[in-house]
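Report on one structure; see the data block that follows.
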Amino acid sequence: MNKIEINKINLIWEKVIKEIESHIINTKIYEDCFKTSKVYDFNNNTIYVLVKTIFAKSVLMNDYHDIIVNELKKYLSFDVKINCILNEEKKIIKISEGESLVSTPSINYNETSLIDTFTLDNFVVGDFNRDAYTAVCAVVDKIGKIYNPLFIYGGTGLGKTHLMMALGNQIVKKYPDKKVKYIESDLFARQVFNSLSKGGNFIESLKDEYNTYDLFLIDDIQYLVNKEKTNEIFFSIFNNLVRNNKQIVITSDKSPELLDGFEQRMISRFNSGLTLKIIKPDEESLKKIILQKIGQQDVDYVFDDEAINELVKYYNDDLRMLLGMINRINFHAIQSLPPNAIITAEFVKKYVANQNIIAPKLNVINPKAIINSICKWYGVKEEFVVGKTRIQEISNVRHICMYILREKYNMCFKEIGTYFSNRDHTTVMSAVEKITKQIDKDDDLKKYINEILLKN
Ligand code: ADP
Ligand code: MG
């Protein structure tokens with residue numbers, strides 16, 4: 001951990017928000033979200049920023065997240081994370097001197113911590129996320145009685161947090177009596193740590209508090225890896241909730257079986273409900289998401305179709321970056337265009353050229369080359385693997401190829417089938433499922449697959 005005192009971080013934060021002020025045209029956003037923000041704590045390379053409203057939290061964590069982190073990097077020599085907290089969340093953040101602010105064992109963690117602008121209505125659904133969306137809708141109808149836990153995974157910026165919060169908001173709306181809790185797993189780990197270091201009944205009251213929730217949403221569970229004690233507490237809360245038909249939804253950047261550093265019993269519990277993956281959005285869905293986001297903003301500008309087509313070129317796996325860029329283009333438009341003007345592709349092109357933003361190279365997947373290299377690794381002939389033979393050794397390699405095309409390259413089941421003598425998408429699905437189970441039991445396979453997944 002970096003031993004940088006809070007005062008120094010505070011000074012840096014002030015400089016950073018001054019710098020950001022010059023990018024913000026809308027003075028109200030600056031006043032409401034930035035000017036009133038303060039550094040509350042610095043721990044584990046994370047700066048905890050105290051903000052006044054949920055809106056401010058959303059602006060800092062979504063719209064300005066990347067700008068803030070980039071500005072901070074100018075002053076700090078390590079990778080820094082930011083986390084915005086509201087006043088009511090303060091109680092659970094440990095202050096730097098090691099003194100916990102938790103003052104009484106009967107502390108109430110009652111706040112849902114949901115951002116209410118993430119809804120199911122403004123969540124764009126396409127083939128890339130339909131399964132996850134459908135499962136969430138089923139949970140809304142049959143909360144606690146279906147898919148418990150619901151485990152949703154996928155890379156960053158693919159909408160996991162949005163969907164999870166949208167579920168929480170929908171449940172609050174539909175069943176006002178239900179108690180909902182959303183938490184990021186690193187914050188949960190801190191709560192556990194604080195309660196344990198306080199000793200006495202604190203940890204029991206924390207568990208009791210969690211056991212009262214009807215819907216427990218835990219985001220980015222990968223941050224709990226190798227946190228043994230936290231996992232134990234989580235496991236106990238998890239079992240208790242499931243036993244009482246309370247709903248749990250988990251998100252992660254990896255599938256359960258690839259989450260190294262969790263006990264096996266935990267991984268099997270994660271997989272005991274329904275596990276679904278969100279993949280990269282297709283171009284049409286991406287455009288819908290962009291239009292949706294632009295529509296939510298309070299601006300007078302319309303992006304024409306060509307401008308949207310231009311924007312899509314800058315999508316590089318993480319929607320958050322693209323949306324941040326669109327916000328900056330908006331602000332730039334406020335400065336340089338008359339009200340009600342139309343933002344054209346030319347305007348976008350000029351902006352990105354001025355900012356030296358380069359469109360990412362299209363990530364062209366070459367499934368044949370991938371299949372070829374896997375076959376070579378296993379020393380089997382590619383023509384057999386893509387062919388019809390049912391020799392077990394060959395079909396096993398075939399299934400591994402299918403798994404990798406799905407997990408690493410996010411290809412859809414149907415398309416994968418076309419590379420293997422036009423096999424049906426259900427065949428591909430069961431192959432992926434089979435390998436998923438096999439990874440659990442076979443450490444060598446797990447290692448091999450993890451290596452491939454890491455390689456670019
Ligand atoms: P993740 O949690 O997977 O990293 P987020 O949920 O934070 O991703 O999404 C990043 C941004 O993209 C958010 O602003 C979110 O609202 C937006 N977003 C992602 N997927 C969708 C979608 N399907 N529809 C509308 N907005 C989306
Ligand atoms: Mg997220």
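Each ligand, and each atom within it, is numbered from 1 in the order the structure gives. Quick caveat: nothing in here was measured; it's all calculated off a predicted structure.
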To the nearest 0.5 Å, atom CG of Leu158 lies from atom CG of Asn129 at 9.0 Å

Where does the angle between the aromatic ring planes of Tyr213 and Tyr210 fall among parallel (under 30°), tilted (30 to 60°) and perpendicular (over 60°)?
perpendicular

Within 45 degrees of the ring normal and closer than 6.0 Å to the centroid, is that where the cationic atom of Lys254 sits relative to Phe262?
no

Numbering the atoms of ligand 1 from 1, which are under 4.0 Å from a heavy atom of Leu323?
11 (C), 12 (O), 14 (O), 17 (C)

Is the shortest distance from a heavy atom of Phe118 to ligand 1 less than 4.0 Å?
yes

Does Gln292 reach ligand 1 with a nitrogen or oxygen that is under 3.5 Å from one of the ligand's nitrogen or oxygen atoms?
no

Going by heavy-atom distance to atom 24 (N) of ligand 1, choose the closest among Ile278, Ile290, Val124, Asp219.
Val124

Thr119 and Asn169: CA distance, side-chain angles, deciding distance, side-chain hydrogen bond (donor to acceptor under 3.5 Å, both in side chains) verdict:
CA-CA 7 Å; Thr119 64; Asn169 286 320; over 6 Å; no

Check this for me, if you would: do Glu451 and Lys447 make a salt bridge, where the nitrogen-to-carboxylate-oxygen distance has to be below 4.0 angstrom?
no

Under 3.5 Å between some N or O of ligand 1 and some N or O of Leu158?
yes

Under a 4.0 angstrom heavy-atom cut-off, which atoms of ligand 1 come close to Gly155?
3 (O)

Under the criterion salt bridge (charged side-chain N to carboxylate O under 4.0 Å, His left out), I'd like the reasoning laid out for Asp131 against Lys277: C-alpha separation, chi angles, the key distance, then a yes or no.
CA-CA 8 Å; Asp131 291 351; Lys277 182 177 188 190; over 6 Å; no

For ligand 1, find out whether one of its N or O atoms is nearer than 3.5 Å to an N or O atom of Gly157.
yes

Under 2.8 Å from the Mg ion (ligand 2), is there an N/O/S atom belonging to Thr161?
yes

Would you say Arg320 contacts ligand 1, with heavy atoms under 4.0 Å as the rule?
yes

Could you tell me if Arg269 sits above the aromatic ring of Phe238, with its cationic atom closer than 6.0 Å to the ring centre and no more than 45 degrees from the axis?
no

Distance to 0.1 Å, residue and atom name: give those for the protein heavy atom nearest to atom 6 (O) of ligand 1.
His162 N, 2.8 Å

Test salt bridge (charged side-chain N to carboxylate O under 4.0 Å, His left out) on Lys179 and Glu209 and set out the steps.
CA-CA 11 Å; Lys179 277 181 85 178; Glu209 183 63 41; 3.7 Å; yes

Note: ligand 1 atoms sitting under 4.0 Å from heavy atoms of Asn122 are 24 (N), 25 (C)

With nothing but distance in play, are any N or O atoms of Gly159 less than 3.5 Å from an N or O of ligand 1?
yes

Which of the numbered atoms in ligand 1 are below 4.0 angstrom from a heavy atom of Thr156?
4 (O)

Run the side-chain hydrogen bond (donor to acceptor under 3.5 Å, both in side chains) check on Tyr64 and Glu71 step by step: do they pass?
CA-CA 11 Å; Tyr64 283 89; Glu71 285 299 324; over 6 Å; no

Candidate pair Glu21 and Lys18, rule salt bridge (charged side-chain N to carboxylate O under 4.0 Å, His left out), full reasoning
CA-CA 5 Å; Glu21 185 180 6; Lys18 269 248 137 56; 5.2 Å; no

List the steps and the verdict of side-chain hydrogen bond (donor to acceptor under 3.5 Å, both in side chains) for Glu346 and Thr344.
CA-CA 5 Å; Glu346 279 318 303; Thr344 60; over 6 Å; no

Residue-level breakdown please: for Ile289 versus ligand 1, do any non-hydrogen atoms fall below 4.0 Å on the side chain, on the backbone, on both, or on neither?
side chain

Only heavy atoms of Asn129, strictly under 4.0 Å: list the atoms of ligand 1 that pass.
23 (N)

Ligand 1 to Leu319, heavy atom cutoff 4.0 Å, flagged ligand atoms 12 (O), 18 (N), 19 (C), 20 (N)

Answer with side chain, backbone, both or neither: which part of Lys293 has a heavy atom less than 4.0 angstrom from an atom of ligand 1?
side chain

